Amino acid sequence: MNSKYYDSNNIFAQILRGELPCKKIYEDKGVLAFYDKYPDAPVHILVVPKSQYISYDDFIFKASAEEIVGFFKTVREITYKYNLEKTGYRLVTNYGENGEQVVPHFHMHILGGKRLGKHVNL
Ligand code: DGP
């Protein structure tokens with residue numbers, strides 16, 4: 001973790017290349033969303049940009065404004081697809097050692113489907 005260089009063998013890169021399966025729920029030219037394999041909530045979706053960004057830090061630094069806005073609007077669309085805007089949800093992105101990011105391809109967790117409490121361990 002915390003490498004400056006993108007590891008093109010990370011699990012999400014393999015999913016994006018179709019080398020590993022995923023339960024896909026949404027795809028467009030720039031974004032893929034799929035269910036987390038180890039869900040922490042009844043709804044636990046991962047949204048990833050298709051371009052190679054290591055982390056939130058890397059994404060915000062390198063992506064165009066258009067790409068950043070498109071990504072976050074897509075996250076919102078997915079919350080509506082699952083009616084989460086009615087009951088609420090949590091967005092989480094982990095970064096670095098203290099944030100305990102495990103997969104070094106930027107991703108947003110969408111968590112919902114139950115009362116999550118003040119904190120969540122991801
Ligand atoms: P993070 O700690 O933010 O890097 O979270 C990585 C998430 O990825 C974690 O919630 C579990 C999930 N995950 C790990 N391996 C796989 C996989 O092979 N498929 C899917 N769908 N999710 C995975």
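Read the numbers this way: they start at 1 and go in the same order the structure lists the ligands and their atoms. Please read all numbers here as calculations on a predicted model, not as lab measurements.
- Close contacts between ligand 1 and N94 involve ligand atoms 1 (P), 2 (O), 3 (O) [criterion: under 4.0 Å to a heavy atom].
- The shortest separation from a heavy atom of H107 to ligand 1 is under 4.0 Å, placing the residue in contact.
- With a 4.5 Å cut-off on side-chain heavy atoms, F71 and V31 count as touching.
- At a heavy-atom cutoff of 4.0 Å, ligand 1 is contacted by the side chain of I11 but not by its backbone.
- Counting heavy atoms under 4.0 Å from ligand 1, residue F12 touches it through the side chain alone.
- Contact annotation: L20 has no heavy atom less than 4.0 Å from any atom of ligand 1.
- Within ligand 1, the atoms closer than 4.0 Å to a non-hydrogen atom of E100 are 2 (O), numbered from 1 in the order shown.
- With a 4.5 Å cut-off on side-chain heavy atoms, I11 and L20 count as touching.
- The nearest non-hydrogen atom to atom 7 (C) of ligand 1, considering only D36, V92, V103, comes from D36.
- Side-chain atoms of D28 and Y26, non-hydrogen and from C-beta on, do get closer than 4.5 Å to each other.
- With ligand atoms numbered from 1 in the order given, ligand 1 contributes 1 (P), 2 (O), 4 (O) to contacts under 4.0 Å with heavy atoms of V102.
- Near Y38, the atoms of ligand 1 lying under 4.0 angstrom from a non-hydrogen atom of the residue are 11 (C), 14 (C), 15 (N).
- The atoms of ligand 1 that sit less than 4.0 Å from any heavy atom of H109 are 1 (P), 3 (O), 5 (O), 7 (C), 10 (O).
- The shortest N or O to N or O distance between D40 and ligand 1 is not under 3.5 Å.
- Residue contacts with ligand 1 for F34 involve side-chain atoms from C-beta outward but no N, CA, C or O (heavy atoms, distance under 4.0 Å).
- Taking CZ of F59 as the start and NE2 of H105 as the end, the distance is 9.5 Å to the nearest 0.5 Å.
- Residues D58 and Y53 approach most closely at OD2-CA, 3.3 Å, considering heavy atoms.
- Annotation: N9, atom CG; neighbour count of heavy atoms from other residues, nucleotides and ligands within 6.0 Å is above 12.
- Side chains of F106 and Q101 form no contact here, defined as non-hydrogen atoms less than 4.5 Å apart.
- For E27 and K50, the salt-bridge test passes: some basic side-chain N is under 4.0 Å from an acidic carboxylate O.
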